[in-house]
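Since this is a predicted model, take the numbers as computed values, not measurements.
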Amino acid sequence: MLSGLARRLVEIGVLNEERARTAHQESVEAGVSFISHLLADKTLDSYGIAAAASQEFGVPLFNITAAELDQEVIGLVSPNLIQKHNVLPLYKRGGRLFVAVSDPTNLQALDEIKFHTGLHIEPVLTAHDILQVIINKALDSAEEGLGDLDDEDLSDLESEAEPDDNSKEDSEAEINDTPVVRFVNKIMLEAIKKGASDIHFEPYETKYRVRQRIDGILQVVATPPVKLGSRLAARIKVMAQLDVSERRIPQDGRIKLKLSKKRAVDFRVSTCPTLFGEKVVMRVLDPMASHLGIDALGFDEEQKELFNAAIRQPNGMVLVTGPTGSGKTATLYTALNILNTEDTNICTAEDPAEINLPGVNQVNVNPKTGLTFANTLRAFLRQDPDVIMVGEIRDLETAEIGIKAAQTGHLVLSTLHTNDAPKTLTRLLNMGVASYNIASTISLIIAQRLVRRLCDHCKEPEELPREALLREGFPEDQVDDITIYRPVGCEKCNGGYKGRLGIFQIMPISEEMGRLIMSGGNAIQIADQAREEGIPDLRGSGLRKVMLGETSLEEINRVTKE
């Protein structure tokens, strides 16, 4: 008669009774714990084993993919001990250290960690294979802070004196220090390889960290010694041709990193003085992103048709709206790439131009010299344009010139910062744009967000009650037939996700909507009219992606909170 963990595993279907008996006997003969023997078998469901062990031993089950790892906490336990016992410190609360484990019967591991840290150890259970992936990533990030630099290089760097903040000039050694140069180059190359959108170099009083935004989520990738902060900032400023001696005001610059004869990646650099040194943020601007094509954006077939029809009109205005980092630039550049032919004159006013598009006349606006969006637009109208792209409509003057251009035979593309498509119309009204100009000029509004795409290699179905799915907003007539998936995590992804896709509310301005705008309708009335016309809102578009298995419900709830 089976008992304990073996019986639970049979009950939940992870093992059949015969396999459970055999495994138990093999573990006794090998002199290892039953659960350790099971975890060595890669064909078994590690999540099922963790769930059964959680019930059997009373250790809470923990979703480690949602945890924000703290390198300081991880550093409390030596890497050798972490790898030896397949454990990972997660949080420190007072005198307690919470540690992720896959085998709760390994009391030796908990005792060794307690001895080395002097803390009371609280184990939490997680799936074995996911824990291994997270441990490898955590240890890679913590590799002495400077990646593959050797110990001799590190000790030399740490021993050098930090330059005086009042100094007007930085020494040649500080700026061109070879280990620092190699470290910055390595971070930039890793960001390109991982598909990161931003790199943050952040100085604090007692630590320094480097983070990368991957699939929209910031992750710590390195923790170099705090004394290197000024040298890292100086190196990046030299690469971006900024004033190295000026540390009191923000500066902006640009770096071009040549990967091969045919490919180069630009980095937009922004520095900002903080309490403990200059924070540097680098935006990764990969020109390949503008050549992915319309299918890579994530449009439904119906949305794709509306988008194509709007950008191929000879005049009118197409607005893309959403918060910073929602993919507006990628959508606009995709449109420009489609329209960029020899018989079309395209002019863009941007702040700054993020991606260089051959064949497109791009202008960086510079308010300090009087080259504002409005002045640039006026100049464009004398340049015989077919298509005009304005980086952002920020004021009434820019909006009115853009509308005038759209009314006089030009296609105008631009962005606004609003939460959804209906609010874009009321935002323009609040700016002071006349309602008849809005109704007669704007042909399409695209509101968008970026969500993380589920990894095809490890996603698995998630069971939710019918009532819960209805509360989330899934259609009642489809709720019984849909399958939704949840992230798991594997070696090929980041915590169950790989890449991002857009969710969109694409709202053409119909005649009825135009009449509603002319009569002073508010955002709620416009949204109701959009629903009547069958236009899904952002959440509805996101739920479609969940039903297609492209993203998770958890991710949609993160991005479209109501």
Side-chain angles (χ1 to χ4, degrees), residues 4-9 12 14-15 20 23-24 26-28 30-142 220 458 460 486-491 494-496:
L5 180 60
R7 177 176 56 80
R8 287 189 184 273
L9 290 168
I12 67 175
V14 174
L15 296 174
H24 189 271
E26 289 173 349
S27 69
V28 172
V32 297
S33 69
F34 178 53
I35 189 170
S36 177
H37 179 71
L38 293 176
L39 293 175
D41 187 344
K42 302 295 184 183
T43 63
L44 295 178
D45 177 12
S46 63
Y47 182 82
I49 294 172
S54 173
Q55 296 176 6
E56 181 65 27
F57 301 109
V59 178
L61 193 61
F62 182 75
N63 178 15
I64 195 171
T65 60
E68 185 174 344
L69 301 182
D70 187 332
Q71 290 294 343
E72 287 191 8
V73 174
I74 294 171
L76 295 173
V77 180
S78 72
N80 290 337
L81 205 57
I82 290 173
Q83 291 177 318
K84 176 184 175 183
H85 295 298
N86 202 56
V87 297
L88 187 66
L90 297 175
Y91 307 107
K92 182 176 176 290
R93 299 290 184 268
R96 296 187 300 163
L97 181 65
F98 291 82
V99 178
V101 302
S102 56
D103 180 3
T105 65
N106 187 359
L107 301 180
Q108 179 189 352
L110 303 181
D111 288 341
E112 285 190 37
I113 295 172
K114 182 177 180 179
F115 176 78
H116 281 89
T117 62
L119 300 170
H120 179 72
I121 307 304
E122 295 278 0
V124 293
L125 253 175
T126 192
H128 181 70
D129 52 356
I130 300 175
L131 180 57
Q132 284 186 317
V133 172
I134 300 294
I135 286 174
N136 290 336
K137 289 183 178 179
L139 294 182
D140 286 345
S141 298
V220 176
C458 65
E460 63 179 30
R486 70 179 185 89
V488 177
C490 66
E491 293 181 356
N494 294 300

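From His85, atom NE2 reaches atom CG of Asp111 across 9.5 Å, with rounding to the nearest 0.5 Å. Rounding to the nearest 0.5 Å places CG of Asn136 at 9.5 Å from CG of Leu131. Rounding to the nearest 0.5 angstrom, the gap separating the CZ atom in Phe57 from the CG atom in Asp103 is 8.0 Å. Of the inter-residue distances, the one linking His128 atom NE2 with Ile49 atom CD1 reads 9.0 Å to the nearest 0.5 angstrom. Here the straight-line distance linking atom CG of Asp129 with atom CD1 of Ile134 works out to 10.5 Å at 0.5 Å rounding. Expressed to the nearest 0.5 Å, how far CG of Leu76 lies from CD1 of Ile82 amounts to 9.5 Å.
Closest of all the heavy-atom pairs between Pro104 and Leu125 is CD-CD2, 3.8 Å. When every heavy atom of Lys137 is checked against every heavy atom of Gly495, the shortest pair comes out as NZ-N, 4.1 Å. Heavy-atom minimum distance, Phe62 versus Thr126: O-OG1, 3.2 Å. Heavy-atom minimum distance, Pro60 versus Pro123: CD-O, 4.0 Å. Of all heavy-atom pairs spanning Pro487 and Gly496, the tightest one is CB-CA, 3.8 Å.
Ser54 contributes a side-chain N or O that, together with a main-chain N or O of Val59, makes up a donor-acceptor pair within less than 3.5 Å.
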What pairs of donor and acceptor atoms, side-chain ones from residues 87-101 against any protein atom, are under 3.5 angstrom apart with sequence neighbours left out?
{"from": "Lys92", "atom 1": "NZ", "to": "Gly94", "atom 2": "O", "distance (Å)": "3.2"}

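Annotation for Glu491: atom CD does not count as buried by contact number, only 12 or fewer foreign heavy atoms lying within 6.0 Å.
Counting only heavy atoms from C-beta outward, the side chains of Leu69 and Ile74 approach each other to under 4.5 Å. Taking the side chain as every heavy atom from C-beta outward, Tyr47 and Leu61 approach each other to under 4.5 Å.
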